[in-house]
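Single-structure report; data block below.
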Amino acid sequence: MLKIYNTLSKQKEIFHPIDPDRIGMYVCGMTVYDYCHMGHARVLVMFDVITRHLRRNFPAVTYVRNITDIDDKIIARAIENKEDIYSLTNRFIDAMHEDERALGILPPDIEPRATDAMDQMFYMIKSLVEKGIAYQAKNGDVYYSVRKFPNYGKLSGKNLDDLEAGARVDVDSDKEDPLDFVLWKMAKPSEPSWKSPWGDGRPGWHIECSAMSTHHLGNHFDIHGGGMDLSFPHHENEIAQSEGANGCAFVNTWMHVGFVNINDEKMSKSLNNFFTIRGVLESYDGETLRYFIMSSHYRSPLNFSDNNLNNAKDSLTRLYTAIRGLHASEAALEEVSQRFDFETKFNEALDDDFNTPIALSVLFELVKLINSTRDKDIDQANALAQLLVKLGGYIGLLQMDADAFLKQGVSLSDDEIDEKIKQRHEAKINKDFATSDQIRDELTELGIVLEDSANGTSWRRK
RNA sequence: GGCCGGAUAGCAAAUCGGUUAUGCAGUGGAUUGCAAAUCCAUCUAGACCAGUUCGAUUCUGGUUCCGGCCUCCA
């Protein structure tokens with residue numbers, strides 16, 4: 001029984017799909033004018049985990065994650081680069097996909113681009129204008145009239161009068177109310193623009209997501225997610241737009257992923273304390289990043305630091321060490337799956353609002369059993385290792401060959417290392433431990449750790 | 001100012017009204033020529049002050065500190 005924390009009700013709820021045969025989930029994706037940073041990585045990874053879990057529990061899941069490929073920052077950056085906006089956005093979309101692959105993220109089912117959704121936006125804006133919820137101001141911009149939507153603030157727990165009191169001054173506005181937000185914006189002469197019933201211009205950010213989500217998932221769908229910073233005003237405005245235009249409930253469950261922090265402060269562009277995914281990948285492999293992200297609950301803050309990343313790496317190393325060299329048949333896997341309740345516990349953890357830290361701890365319980373079984377019953381250890389790989393796969397972990405994971409990023413070639421191991425072995429046979437230890441120390445220096453066992457010596461990266 | 005979160009051992013991070021979280025690190029032991037890996041045992045908790053309770057880290061109230069949103073933000 002899946003429980004999800006719903007930002008709308010501020011509590012965990014049992015998830016009741018609108019149509020159990022067809023779950024719809026929409027997640028706000030990137031605005032593509034720069035490389036993705038670790039904050040984006042967290043949203044990407046967590047909704048990947050969520051999608052994987054939903055797919056194992058429901059026959060069909062449609063995961064839509066949009067791309068915002070038109071907005072002020074994109075225009076500004078394109079001008080700065082003397083570049084066409086499409087060449088800019090295409091470049092960063094490719095980079096994003098590359099980052100995603102490194103993190104083991106499966107592509108969403110549909111990845112709509114705002115610039116392909118103009119008609120859907122026109123349709124929605126038109127409907128809002130016709131209903132008197134939106135208006136075209138003197139400057140030509142079309143605004144949403146926030147006071148016309150009685151439930152405004154239901155997601156963020158804010159009310160209009162409080163917002164009004166704390167509102168920053170908005171001088172140059174033709175808005176009827178300072179809290180009204182833009183649906184369609186008139187283009188300045190040199191800017192990219194689209195023809196619309198209200199004049200040449202471009203869409204506001206909020207309407208993009210309302211239009212794309214309902215277009216692909218219907219007016220009323222199950223889950224809508226994004227980073228916590230989107231809950232206000234972005235998601236609040238989406239609710240106002242979609243429910244205002246369609247006259248029905250928009251989304252049942254709202255999910256928000258917590259921030260990635262640096263020294264307990266939010267990682268953000270404006271604070272200039274962000275790390276790009278590709279930057280971090282220079283020092284850590286993608287699976288380590290993925291593990292790091294899953295090591296805390298998705299709604300808690302996640303502190304980004306070398307110490308925590310190294311912790312993640314060490315933990316993953318323990319996991320991979322346990323499955324190294326072990327393989328089993330489907331039948332054996334089936335047998336241990338039945339006999340032990342790891343899978344049940346693992347699934348229960350994910351069912352409880354996607355509690356990945358608990359799910360990971362189940363993996364470590366399994367590791368302990370594998371390691372202690374190894375000497376007594378190798379067949380069972382093999383089968384349990386297979387089970388570990390299977391459970392890891394549920395959350396996109398442990399799908400690499402263990403040797404490949406444990407040997408990656410080393411400066412010497414396999415042959416060179418094997419040669420050193422051979423030399424050391426000979427020294428050991430001659431009881432020349434000074435030499436053998438020296439060889440081992442040299443390798444340790446290079447980040448290569450040797451492990452002796454009854455079957456000979458193997459190695460891994462530190 | 002308004003509205004939200006959070007405070008757990010050396011670090012990270014969950015659960016839970018009474019019983020081992022888990023990973024890394026530490027200590028003792030097994031194993032090893034010595035290590036590494038592994039196993040066994042073990043030490044470090046619940047910001048502070050009240051209250052409810054047979055019993056609270058867990059519930060309630062207050063205090064302190066930290067963070068977020070209210071402007072583009074994942």
Side-chain angles (χ1 to χ4, degrees), chain A residues 7 10 27-31 36-44 46-47 68 71-73 76 153 156-159 161-170 179 205 225-234 236 256-261 263-271 274 291-292 294-297 299-303 305 307-319 321-322 324 349 352 355-365 367-368 370-376 406 428 431-434 436-437 440-441 444 448-454 457-460 462:
Chain A
T7 311
K10 297 194 198 333
V27 172
C28 291
M30 295 328 119
T31 300
C36 291
H37 62 233
M38 286 302 296
H40 300 122
R42 190 174 191 194
V43 171
L44 260 14
M46 283 318 307
F47 280 103
T68 295
D71 103 324
D72 289 357
K73 284 179 178 167
S156 53
K158 298 176 191 301
N159 73 276
D161 295 322
D162 289 344
L163 285 166
E164 203 86 63
R168 283 165 176 70
V169 204
D170 199 355
L179 296 172
W205 175 40
M228 234 158 214
D229 43 2
L230 298 189
S231 70
F232 189 89
H234 185 54
E236 196 69 73
H256 292 98
V257 174
F259 299 129
V260 175
N261 289 167
N263 297 323
D264 295 318
E265 271 190 329
K266 178 186 172 184
M267 177 183 289
S268 72
K269 300 244 170 161
S270 42
L271 285 168
F274 65 93
Y291 184 98
F292 163 68
M294 293 193 298
S295 69
S296 89
H297 184 86
R299 285 186 284 115
S300 304
L302 177 62
N303 218 19
S305 70
N307 179 50
N308 295 350
L309 248 7
N310 283 325
N311 254 331
K313 184 179 166 187
D314 290 343
S315 302
L316 250 191
T317 299
R318 178 165 162 87
L319 256 21
T321 303
R324 196 179 198 183
D352 186 11
N355 196 325
T356 49
I358 295 282
L360 291 173
S361 79
V362 174
L363 261 28
F364 285 99
E365 285 172 23
V367 164
K368 185 161 266 185
I370 292 169
N371 286 335
S372 55
T373 306
R374 233 181 167 110
D375 292 336
K376 298 172 215 149
L406 293 168
K428 276 176 66 173
K431 301 250 189 260
D432 179 4
F433 296 121
S436 71
D437 287 354
R440 189 172 62 197
D441 290 346
T444 305
I448 296 159
V449 180
L450 298 186
E451 288 171 3
D452 293 337
S453 77
T457 300
S458 60
W459 66 273
R460 64 177 169 91
K462 199 170 178 339

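Chain naming here is simple, since letters A, B, ... match the order of the sequence lines and numbering starts at 1 in each.
- Of the possible donor and acceptor atoms, none in the side chain of Arg42(A) sits under 3.5 Å from a partner among the backbone N and O of Gly227(A).
- Nearest-nucleotide positions on RNA chain B for Gly226(A) and Gly157(A) put Gly157(A) closer to the 5' end.
- Pair assignment for G18(B): C54(B), on the basis of Watson-Crick or G-U wobble contacts that are both within less than 3.5 Å.
- Between Ser300(A) and the phosphate of A14(B), there is a side-chain N or O to OP1/OP2 separation shorter than 4.0 Å.
- Taking atom CZ of residue Phe364(A) and atom P of nucleotide C24(B), one finds them 7 Å apart after rounding to whole Å.
- Protein atom NE2 of His297(A) is 13 Å distant from nucleotide atom P of A13(B), rounded to whole Å.
- Nucleotide A13(B) forms a pair with no other nucleotide shown, judged by Watson-Crick or G-U wobble geometry with both contacts under 3.5 Å.
- Each of A74(B), A36(B), G33(B) was ranked by its minimum atom distance to the side chain of Asp437(A); first place goes to G33(B).
- Comparing the C1' positions of C40(B) and G5(B) gives a spacing of 42 Å, expressed to the nearest Å.
- Summarising the geometry, the separation between CG on Asp72(A) and P on U71(B) is reported as 16 Å, rounded to the nearest angstrom.
- Between the side chain of Asp452(A) and the main chain of Thr457(A), no donor-acceptor pair closer than 3.5 Å is present.
- Checking the phosphate oxygens (OP1, OP2) of A37(B), no side-chain nitrogen or oxygen of Arg374(A) falls inside 4.0 Å.
- Of the two residues contacting RNA chain B, namely Ser156(A) and Met228(A), the nearest-nucleotide position lying further toward the 5' end is that of Ser156(A).
- Side-chain atoms of Arg42(A) stay outside donor-acceptor range of the base of A74(B), with no qualifying N/O pair under 3.5 Å.
- Considering only side-chain atoms of Arg318(A), the nucleotide from G33(B), A12(B), C24(B) that sits closest is C24(B).
- As judged by a 4.0 angstrom heavy-atom cut-off over every strand, Gly258(A) is placed among the base-contacting residues.
- With G5(B), G33(B), A37(B) as the choices, the nucleotide that has an atom nearest any side-chain atom of Thr321(A) turns out to be A37(B).
- Among the protein residues, Val362(A) comes within range of no part of the nucleic acid, since none of its heavy atoms lies under 4.0 Å from any strand.
- Side chain of Arg440(A), nearest nucleotide from C34(B), C39(B), A74(B): C34(B).
- Counting non-hydrogen atoms under 4.0 angstrom, Val449(A) reaches the backbone sugars and phosphates but no base.
- Residue Tyr291(A) contributes atom OH, which lies 6 Å from atom C1' of G23(B) at whole-angstrom precision.
- The nearest whole Å value for the distance from the NE2 atom in His256(A) to the P atom in G67(B) is 22 Å.
- A45(B) and A7(B): their C1' atoms are spaced 13 Å apart (whole Å).
- Among the heavy atoms of the strands lying under 4.0 Å from Ser315(A) are primed sugar atoms or P, OP1, OP2 only; no base atom is included.
- One can place CD of Glu265(A) at 17 Å from C1' of A74(B), the figure rounded to the nearest angstrom.
- Closest non-hydrogen pair, Lys266(A) versus Leu271(A), comes out as O-CD1, 3.3 Å.
- If you take atom P in A25(B) and the same atom in U38(B), they sit 9 Å apart, rounded to whole Å.
- The heavy-atom pair separating Ala349(A) from Ala359(A) by the smallest distance is CB-N, 3.6 Å.
- C48(B) and G62(B) make up a base pair, with Watson-Crick or G-U wobble contacts both under 3.5 Å.
- Between the CG atom of Asn371(A) and the C1' atom of C39(B) there is a distance of 8 Å, given to the nearest Å.
- At the heavy-atom level, Met38(A) lies nowhere under 4.0 Å from the strands shown.
- The side chain of Asn355(A) places an N or O atom within less than 4.0 Å of a non-bridging phosphate oxygen (OP1 or OP2) of U15(B).
- The main-chain N or O of Ile358(A) is found under 3.5 Å from a side-chain atom of Asn355(A) such that the two form a donor-acceptor pair.
- For Ser296(A), the side-chain atoms get nearest to A13(B) when compared with the rest of A13(B), A74(B), G23(B).
- Separating the P atom of U19(B) from that of A56(B) is a span of 12 Å, rounded to the nearest Å.
- Interface remark: the Lys158(A) side chain does not form any donor-acceptor pair with the C4(B) base, using a distance-only criterion of under 3.5 Å.
- You'll find that the side chain of Ile358(A) is closest to A21(B), out of A21(B), C72(B), C11(B).
- An aromatic stacking contact links Phe433(A) with the base of G33(B), defined here by ring centres under 5.5 Å apart and ring planes under 30° from parallel.
- With both ends at atom C1', the span from U15(B) to A9(B) equals 16 Å, rounded to whole Å.
- Base pairing of C39(B): its partner is G29(B), meeting the Watson-Crick or G-U wobble criterion (both donor-acceptor distances under 3.5 Å).
- Figure legend. C69(B) is base-paired to G2(B); pairs are counted as Watson-Crick or G-U wobble with both atom distances under 3.5 Å.
- Look at the P atom in both G51(B) and C39(B): the space between them is 46 Å, to the nearest Å.
- Residue contacts shown for Lys428(A) include a base, since a base heavy atom lies under 4.0 Å away.
- As rounded to the nearest Å, G61(B) and C43(B) have P atoms that lie 36 Å from one another.
- Donor-acceptor pairing under 3.5 Å, judged by distance alone, is absent between the side chain of Asp162(A) and the base of G1(B).
- Using a 4.0 Å cut-off, some side-chain N or O of Arg460(A) falls inside it from OP1 or OP2 of A37(B).
- Scanning all heavy atoms of the two residues, the minimum distance from Trp459(A) to Arg324(A) falls at O-NH2, 2.6 Å.
- Taking the six-membered ring where tryptophan is involved, the planes of Tyr291(A) and Phe364(A) are perpendicular, since the angle between them exceeds 60° and thus also 30°.
- Once rounded to the nearest 0.5 Å, the distance linking CZ of Arg299(A) with OG1 of Thr7(A) reads 8.0 Å.
- The separation between Leu450(A) atom CG and G33(B) atom P is 15 Å, rounded to whole Å.
- Counting all heavy atoms, side chain and backbone alike, Met46(A) lies closest to Thr356(A) at CE-CG2, 4.2 Å.
- The shortest distance between the side-chain N/O atoms of Lys266(A) and the OP1/OP2 oxygens of C69(B) is below 4.0 Å.
- Distance noted for atom P between U27(B) and U64(B): 41 Å (whole Å).
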